[in-house]
Structures are given as C-alpha cells and as structure tokens.
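Working notes, structure below.
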Amino acid sequence: MHAYRTHTCAALRKSDEGKTVKLSGWIHRKRDHGGVLFIDLRDTHGLTQCVVDQDSPLLAEIEKWRPESVITVEGRVKPRHAGTENAKMATGDIEVYIDKATLQSAADVLPLQVAEPDGAGEDVRLKYRFLDLRREGMHSRVRLRNNVISSMRRRMWDKGFQEFNTPIMTASSPEGARDYLVPSRLHPGKFYALPQAPQQFKQLLMVAGFDRYFQIAPCFRDEDGRADRLAEFYQLDVEMSFVTQEEIFATMSPVVGGIFEEFNAWTGTQHRVEWLPNMSWHEAMLTYGSDKPDLRNPLVICDVTEVFKRDDVEFKAFKNIIASGGVVRAIRCPKVAEQPRSFFDKLNAWAQGEGAPGLGYIKWDPLPNVSKGETIPSGSDSNPGGPIAKFLSDEALSELRKIADIKSGDAVFFVCDKEEKAAKFAGRARDKICDDLPEGHASAREKGVYKLFWVVDFPMYEMDEKTGKVDFSHNPFSMPQGGLDALNGPDPLAIRAMQYDCVCNGYELCSGGIRNHRPEIMERAFALAGYDKAVLEKKFGGMLNAFRFGAPPHGGCAFGIDRIVMLLANEPNLREVYAFVMNGAYEDPMMGAPSEPSEQQLKDLHLKTVMPVKMQDEKKRA
RNA sequence: GCGGGCGUAGUUCAGUUGGUUAGAACGCAUCCCUGUCACGGAUGAGGUCGCGGGUUCAAGUCCCGUCGCUCGCGCCA
C-alpha cells in the first residue's frame with residue numbers, strides 16, 4: 001500500500017464500501033463524544049469523515065491531536081448508519097473507520113482559525129499566510145487564479161501566439177513609474193532595473209520577426225500601493241505585427257470576454273457578459289467623468305456651461321468660475337426628484353468632505369395633474385426646486401431641460417470648475433449618487449453583469465497646468481494618429497494617439513497601442529514633449545537602433561490579470577487573489593522582507609546606505 | 001509626502017459621565033458524554049488596554065507626542 005494515501009479526501013463513495021484505504025491530510029474538525037470521535041480529514045480536494053470508537057485502543061491517543069495537524073489514517077470504508085448521512089458533503093454517504101493512524105506533523109495552537117472564518121486582520125493573515133491559504137476562500141481564489149491563467153494560455157496558443165520569457169534583470173525603461181533597482185557586483189555603481197513591463201523586449205521580438213507574442217509577465221513598479229495596486233503584479237502581455245487597432249480588439253476581445261464567460265459563475269451568481277461599442281476618450285471624460293467608467297451606472301453627464309452663461313441666470317458662484325475659463329457639468333439623474341431631502345443633503349456634505357464647495361442641484365417635482373414621464377419643454381409639468389433653481393429664469397430652465405434631456409421627476413446635480421477638474425469630480429459624484437440610491441431604483445447600479453468596452457483615441461499629449469509644459473499623457477511608444485503630419489500640426493494637445501484601454505465595470509483591465517516603429521516620427525514625438533535626440537537615444541537607444549534595421553508595424557496590449565480575477569471573485573482587494581503578497585507598506589511579515597543586508601553583501605555590491613535623518617535620530621535614541 | 005479610520009486576551013470585538021477585581025464569543029487546557037457534522041455540557045488558564053509623557057485623589061476612557069495596521073489623496077496604467 002502507498003505510504004500516505006490510496007485516495008484523496010474527496011474520492012470515496014458508497015461504491016467503495018468494504019475497501020481498506022489510506023488517507024492523509026489535515027484535521028479540519030474534531031467532534032469528540034467521549035465514546036466516539038469524528039475527524040473531518042481535509043486535503044486540497046475535499047473532506048472525509050473518519051471515525052474511532054471506544055473499541056479502538058487508538059481513541060485515547062487521537063483525542064489529543066489538535067486541529068490542523070497532519071495525519072495519515074488507514075481504515076475501512078463503511079456506509080454511514082441510516083439517517084446520519086450528510087448531503088452537504090460529497091463523501092457524505094460513507095465514513096472511514098480508523099484501524100491505524102499516524103501523526104505526521106503536530107500543529108501548535110493556531111493564530112487564526114482555518115475551519116471557521118474568524119475575521120482575522122490582514123496583518124495576522126499575511127504573517128501566517130500558509131494557514132490563511134488553507135482556508136476555503138483563499139484556497140479556492142488561488143485555484144481560480146491558476147485556472148484563469150491556464151485558460152488564458154490555452155486561448156492565446158489556440159490563436160497562434162507563443163509564450164516568450166523576457167529578462168527580469170534588465171535596463172531601466174522610463175515608463176513613468178519608479179524602478180526597482182538591483183545593484184551590480186561586477187560593475188560598481190551600476191544597477192539593473194526590474195521591468196515595469198516587458199514593453200521594449202516584446203517590441204524587439206516583433207522586430208525579430210516573431211509576429212504573435214504573449215507572456216504571463218511579472219511587472220514591478222515602485223509606487224505606493226492601493227487596494228487594487230501592488231509593487232509586483234502580473235499581466236497578460238501581448239504584441240502582434242502587421243495589425244490594425246481593430247484586429248487587436250477582434251483578437252483580444254474573445255480572449256478576455258471568454259475568460260469572463262468561462263469563470264463568471266465562480267462567485268455563485270451567473271453574470272451576463274456584455275460588449276458595448278468603443279468609446280472615445282473624449283466622450284468617456286465628458287459623459288462619464290472618467291477614462292474607465294463603470295457603465296453599470298446609468299447616470300450620464302453633460303455640459304451645461306451655456307445655460308449658466310445666459311444673462312437671465314444670476315448664479316454668481318458659477319459665473320465667476322466660467323469667466324476664468326471654467327465649465328459647468330450636469331449629472332442627470334432620472335426619477336431622483338422624489339428622494340427625501342436627506343438624500344440631497346448627504347451628497348452635499350460628501351462633496352464638501354471632498355473639498356468641493358458643495359453639490360448644487362435642481363429637481364423637477366411632478367405637478368399632481370401631469371402624468372409621470374410626460375415631457376412639456378416649458379417645464380409646466382413640474383415644479384423646479386432645490387437651492388439653485390431660483391437663480392434661473394423660466395427660459396434658462398427650459399434650455400437646461402432641453403440640453404440635459406430632463407423629464408418631470410428627474411434631478412440634476414451641478415459641478416463647476418476648470419474643465420479637467422470638473423469632469424473628474426462630476427465622474428466621482430456620478431458614482432456616489434448612484435451608490436446612494438436605494439436598491440432597485442431606476443438609476444441604481446445594475447447587477448449581475450460584466451460591461452466591457454474599449455476606450456479609444458487617447459490624447460497623445462497633455463499640458464501640466466502649473467508649468468504649462470507639454471508631456472506624453474500616456475506612454476511614449478504609441479503612434480500618433482496621422483503620423484508625422486499630425487506632429488507637425490499647430491496644436492500638440494489636439495493629437496490623438498493609437499492608444500486604447502479595455503474597461504470593465506469601472507476597472508481598467510488592459511492598456512495598449514499601435515506602436516511608433518518609425519525613428520523619425522519618434523524623434524519628432526519626443527521633441528514635442530521637450531526631449532532632445534540625446535535623451536531619446538539614452539532611454540530607448542536599444543529599441544530605436546533596432547527600428548533602423550527593418551521593423552514591422554506592430555501593436556499590442558497588456559491585461560492586468562489580478563484585476564480580472566478580482567472581478568471574477570468579486571473581491572475589492574488585490575491581496576485576496578494572490579497566494580503571497582506584501583502588505584500596504586510593501587513588507588512581507590512572513591518572510592521578513594525587505595531586510596538589511598550584511599556588511600559583506602554591501603561591500604560586495606560597493607554600496608553604503610545613508611539613512612533618512614529621521615531614522616538616524618531614532619537609532620541614536622535607541 | 002498628506003488626510004480619514006482603527007489599535008483592549010491567541011483571534012474577533014464590547015467597555016456608559018474618568019470611579020471597586022477590565023468583559024463576551026471563538027480558540028486553548030482539564031473533566032463528562034457512543035452518532036456528530038459549527039456536536040453538547042462543566043470547570044479553568046490566558047491582559048504592560050500599542051508605546052512614551054501629561055492632567056487628576058483616580059485614566060482602557062481626557063490631553064500631547066510617537067509607533068503600527070488599514071483605506072484614500074498625491075504618485076502610478
């Protein structure tokens with residue numbers, strides 16, 4: 001017989017009755033009745049109930065073994081007595097009557113409970129991640145992640161892509177974030193960088209003639225974390241040669257959509273997967289106030305600056321801001337007028353908490369003799385109310401209704417600021433309003449659906465408001481729409497890039513572009529952002545050189561695997577979908593990382609550490 | 001770098017206006033129990049109330065500082 005097991009803990013059924021079997025696993029739960037002891041034995045596959053009664057000399061010994069100890073039991077498979085079967089367990093019709101038992105590894109008293117969710121905090125869970133991972137939720141989320149990655153690989157190979165490995169220790173590549181650096185022993189004073197993305201390598205593979213690349217690629221960025229952002233993460237990194245933007249969408253939409261279809265019922269709720277038409281970046285920012293809008297939220301934003309510019313509108317607060325170049329955005333909220341006063345007051349308080357002067361609104365309470373939903377442009381179907389209504393003439397109100405498509409019973413919230421700020425704040429208010437509405441309201445967030453679409457036509461450049469300096473707004477590898485001619489045009493801020501994102505339920509899943517493979521266009525593109533040829537050569541010399549020896553037109557994208565798994569697992573925190581992660585301060589309390597190197601290590605690496613003044617003081621005091 | 005929230009038993013939490021010996025649940029230990037499946041019952045151990053300072057007759061509670069965790073802003077695809 002096998003040293004440890006003949007079956008897994010999920011395998012045995014009634015048909016195995018009478019067999020002598022061996023199982024190994026963890027003591028999940030013990031139920032000790034004095035004369036009879038039940039042990040639920042667990043492995044990664046499932047649970048099997050094992051029994052010892054007082055006829056057995058083993059009882060006294062086994063009683064002492066604590067939960068989460070690893071044991072091996074040998075015994076006979078017996079059908080459970082009539083009425084004691086457990087329909088909730090796959091193996092619930094049988095039990096294993098223990099003849100022999102070995103304690104393979106005893107468990108100490110546990111710092112967190114494995115069999116029960118005990119609400120243990122993240123610091124404890126991360127320190128004892130190996131225990132946390134035994135728990136049902138983490139265990140199955142890690143498996144979900146593995147399955148998603150496996151499915152991605154299969155889908156990519158099926159489409160003729162091959163998986164490549166690219167270096168982890170490489171050169172710093174300025175993609176925006178800070179690099180993690182690795183000191184070189186052989187080259188004093190020089191450092192390798194961990195890749196923020198394998199961007200240049202995948203483009204070089206295109207130059208090398210491999211025309212369909214993918215990689216489940218680790219990426220590293222030394223920027224502060226968030227619930228959905230860590231120092232290291234994985235991307236499904238993709239690049240193709242001789243393709244248009246549309247071909248990339250046509251290739252990748254079925255891959256990511258297929259993943260959502262395949263795993264969408266994992267949380268137990270079936271979700272629909274809906275693809276919506278491409279949206280321009282400009283439309284996303286205007287209509288939704290975000291470059292990654294959640295389209296389950298039905299509220300839309302429109303520009304109503306014209307209304308507040310009118311001579312018969314007396315609202316000075318907005319007029320002053322408009323006079324200095326500001327805009328007014330209106331968030332149209334169907335059927336929201338009937339919400340209680342407290343709903344509007346709470347939103348106003350929220351806006352003030354966010355640093356805004358408030359969140360003004362107008363609501364159109366239906367007049368009793370007019371049926372709901374009926375539109376009379378003059379506004380005579382309803383009674384406009386709210387703090388701002390009195391500043392607008394009847395004509396202004398009716399223009400507002402026309403522009404914002406307002407019906408009786410609707411409400412509108414206003415945001416007034418410089419364009420970019422107004423757009424973004426209106427976007428956040430749009431989400432806040434939607435979330436504050438009661439469940440089932442016509443304007444509440446839709447449930448049970450993944451809404452996917454591509455945002456296209458990102459601007460190539462943006463202007464820093466303070467310095468007035470023009471810089472790349474996304475990454476500098478994208479081809480400008482219109483090529484060199486566009487770059488020689490009068491207004492760099494009007495140039496769109498062949499740059500796109502894939503968005504799902506408010507998360508940016510993927511970012512990509514058709515790359516700029518022409519050195520002369522790249523030179524001009526960098527010049528517009530104020531970088532001279534020398535900078536370009538220093539930063540991208542390797543890739544630029546390659547482009548001088550025959551580079552195919554190419555493009556690609558990279559999907560954040562963790563965000564996809566977060567959506568599938570319905571978890572708002574990235575740390576819930578990784579086996580091993582660092583905490584918010586990028587420390588690993590289990591492994592003790594980061595740690596101080598030894599003197600010898602520093603010497604080998606030709607390094608000396610200079611501690612921040614604050615920490616030097618602390619050391620002195622200690 | 002900045003802001004919000006939190007810090008009390010192994011774990012999750014309660015702790016009133018500052019007032020006697022700081023509580024509960026789960027876990028742990030000992031004992032009882034032959035059919036449970038979150039088994040049940042009895043008893044018990046377990047605390048520098050994050051740390052330092054202050055106010056007070058008296059501080060888990062109030063004040064100041066500091067550290068840690070967490071969420072967000074800045075930053076970052």
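Proteins get letters first, then strands, A, B, ... in listed order; numbering begins at 1 in each.
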Review point. A:Asp108 near the nucleic acid: base, sugar-phosphate alone, or nothing, with a heavy-atom cut-off under 4.0 Å?
Key: nothing

Review point. Can you check the A:Lys424 NZ to B:G72 P distance for me, whole Å?
Key: 17 Å

Review point. Using a cut-off of 4.0 Å on non-hydrogen atoms, how would the nucleic acid contact of A:Arg428 be classed: base, sugar-phosphate, or nothing?
Key: nothing

Review point. In whole Å, what separates the P atom of B:C37 from that of B:A59?
Key: 49 Å

Practice item. Please measure how far the P atom in B:G52 lies from the corresponding atom in B:G68, and state the result in whole Å. Key: 16 Å

Exercise for review: Write down the partner of B:G44 under the Watson-Crick or G-U wobble criteria, each distance required to be under 3.5 Å.
Suggested key: B:C28

Review point. Is it true that A:Arg42 and A:Glu68 have a side-chain N and a carboxylate O under 4.0 angstrom from each other?
Key: yes

Exercise for review: Measure the distance from NZ on A:Lys30 to C1' on B:C33 and round it to the nearest whole Å.
Suggested key: 15 Å

Exercise for review: Taking atom C1' in both B:C26 and B:A14, compute the distance separating them and give it to the nearest angstrom.
Suggested key: 15 Å

**Study point:** Expected output: side-chain A:Arg430 to main-chain A:Pro293 donor-acceptor under 3.5 Å
**Key:** no

Check your understanding: Across all strands shown, which nucleotide pairs with B:G74 by Watson-Crick or G-U wobble geometry, both distances under 3.5 Å?
Key -> none

Review point. How would you label the contact of A:Gln499 with the nucleic acid (heavy atoms, under 4.0 Å): base, sugar-phosphate, or nothing?
Key: base

Check your understanding: Within the structure shown, what part of the strands sits under 4.0 Å from A:Glu508 by heavy-atom distance: base, sugar-phosphate, or nothing?
Key -> base

**Study point:** Residues A:Asp32 and A:Lys30 bridged, charged N to O under 4.0 Å
**Key:** no

Point to revise | Salt-bridge present (A:Arg229, A:Asp224; N to O < 4.0 Å) | key: no

**Study point:** Nucleotide B:C75, atom P - distance to CG of A:Asp179 in whole Å
**Key:** 18 Å

Exercise for review: Choose from B:U34, B:G72, B:G27 the nucleotide whose nearest atom is closest to any side-chain atom of A:Ala227.
Suggested key: B:G72

Check your understanding: Quick one: A:Lys432 NZ to B:G72 C1', roughly how many Å, whole number?
Key -> 14 Å

**Study point:** Candidate nucleotides B:U34, B:G27, B:C37, ranked by approach to the side chain of A:Gln49 - the nearest
**Key:** B:C37

Exercise for review: Could you check which of B:G10, B:C75, B:U12 has an atom nearest any side-chain atom of A:Val124?
Suggested key: B:U12

Practice item. Using only heavy-atom distances, decide whether a donor-acceptor pair under 3.5 angstrom links the side-chain of A:Asp224 to the base of B:G74. Key: yes

Practice item. Report which part of the nucleic acid A:Arg66 touches: base, sugar-phosphate, or nothing (heavy-atom distance under 4.0 Å, all strands). Key: sugar-phosphate

Exercise for review: Would you check if the distance from the ring center of A:Tyr213 to the ring center of A:Phe201 is below 6.0 Å?
Suggested key: no

Review point. A:Asp32 has a side chain; which of B:U11, B:G35, B:C33 sits nearest to it?
Key: B:C33

Study note, to complete from the structure: Per atom distances to the A:Ala177 side chain, the nearest of B:C71, B:C75, B:C76 is B:C76

Exercise for review: Before accepting this row, confirm whether a basic side-chain N of the pair A:Arg445/A:Asp431 lies closer than 4.0 Å to the acidic partner's carboxylate O.
Suggested key: yes

Check your understanding: B:U61 and B:G7: how far apart are their P atoms, nearest whole angstrom?
Key -> 12 Å

Point to revise | Rounded distance (Å) that lies between atom C1' of B:G72 and atom CD of A:Glu223 | key: 16 Å

Practice item. Would you indicate what A:Gly560 reaches in the nucleic acid, counting non-hydrogen atoms under 4.0 angstrom: base, sugar-phosphate, or nothing? Key: nothing

Exercise for review: Determine which nucleotide pairs with B:C6, using a 3.5 Å limit on both distances of a Watson-Crick or G-U wobble pair.
Suggested key: B:G68

Exercise for review: Check every strand shown and say whether A:Gly34 touches a base, only sugar-phosphate, or nothing at a heavy-atom separation below 4.0 Å.
Suggested key: base

Practice item. Quote, to the nearest angstrom, the P distance that separates B:U30 from B:G35. Key: 22 Å

Return a table of donor-acceptor pairs under 3.5 angstrom between the side chains of residues 9-16 of chain A and protein atoms on other chains or two or more places apart.
from: A:Arg13; atom 1: NH1; to: A:Ala10; atom 2: O; distance (Å): 2.9
from: A:Asp16; atom 1: OD1; to: A:Lys19; atom 2: NZ; distance (Å): 2.7
from: A:Asp16; atom 1: OD2; to: A:Arg13; atom 2: N; distance (Å): 2.8

Exercise for review: Could you check how far CG of A:Leu112 sits from P of B:G10, rounded to whole Å?
Suggested key: 14 Å

Exercise for review: Using the side-chain hydrogen bond (donor to acceptor under 3.5 Å, both in side chains) rule, collect all pairs that involve residues 280-289 of chain A, keeping only residues at least two apart or in two chains.
Suggested key: none

Point to revise | Partner nucleotide, any strand, of B:C49 [Watson-Crick/G-U, under 3.5 Å] | key: none

Check your understanding: Taking OP1 and OP2 of B:U36, is either one under 4.0 Å from a side-chain nitrogen or oxygen of A:Arg31?
Key -> no

Practice item. For B:C62, give its Watson-Crick or G-U wobble partner with both distances under 3.5 Å, or none. Key: B:G54

Exercise for review: Could you work out the separation of B:U12 and B:C69 based on their C1' atoms and round it to a whole Å?
Suggested key: 15 Å

Review point. Does B:U36 pair with anything, Watson-Crick or G-U wobble, both distances under 3.5 Å, and if so, with which nucleotide?
Key: none

Check your understanding: Which residues within residues 71-94 of chain A lie with some heavy atom under 4.0 Å of an atom in RNA chain B?
Key -> A:Arg80, A:His81, A:Thr84, A:Glu85, A:Asn86, A:Lys88, A:Met89

Exercise for review: Write down the distance between CZ (A:Arg229) and P (B:G74), rounded to a whole number of angstrom.
Suggested key: 9 Å

Check your understanding: Over how many whole Å does the gap from A:Lys64 atom NZ to B:C31 atom C1' extend?
Key -> 15 Å

Point to revise | Integer angstrom distance from the P of B:G60 to that of B:C76 | key: 47 Å

Check your understanding: Taking the P atom of each, how far is B:U56 from B:G50, in whole Å?
Key -> 23 Å

Practice item. Ignoring the backbone of A:Glu122, work out which of B:G10, B:C73, B:C71 is nearest its side chain. Key: B:C71

Check your understanding: Are the side chain of A:Glu95 and the backbone of A:Lys78 linked by a donor-acceptor contact shorter than 3.5 Å?
Key -> no

Check your understanding: Is there a donor-acceptor pair under 3.5 Å between the side chain of A:His139 and the backbone N or O of A:Leu133?
Key -> yes

Check your understanding: When you check the gap from the basic side-chain N to the acidic O, do A:Arg135 and A:Glu116 get nearer than 4.0 Å?
Key -> no

Review point. Per the atom types in the model, does the base of B:G35 pair as donor or acceptor with the side chain of A:Glu95 at under 3.5 Å?
Key: yes

Review point. At under 4.0 Å, does any side-chain N or O of A:Arg29 touch on OP1 or OP2 of B:C39?
Key: yes

Exercise for review: Please work out if A:Arg221 contacts a base, only the sugar-phosphate, or nothing of the nucleic acid, heavy-atom cut-off 4.0 Å.
Suggested key: sugar-phosphate

Check your understanding: A:Asn583 near the nucleic acid: base, sugar-phosphate alone, or nothing, with a heavy-atom cut-off under 4.0 Å?
Key -> sugar-phosphate

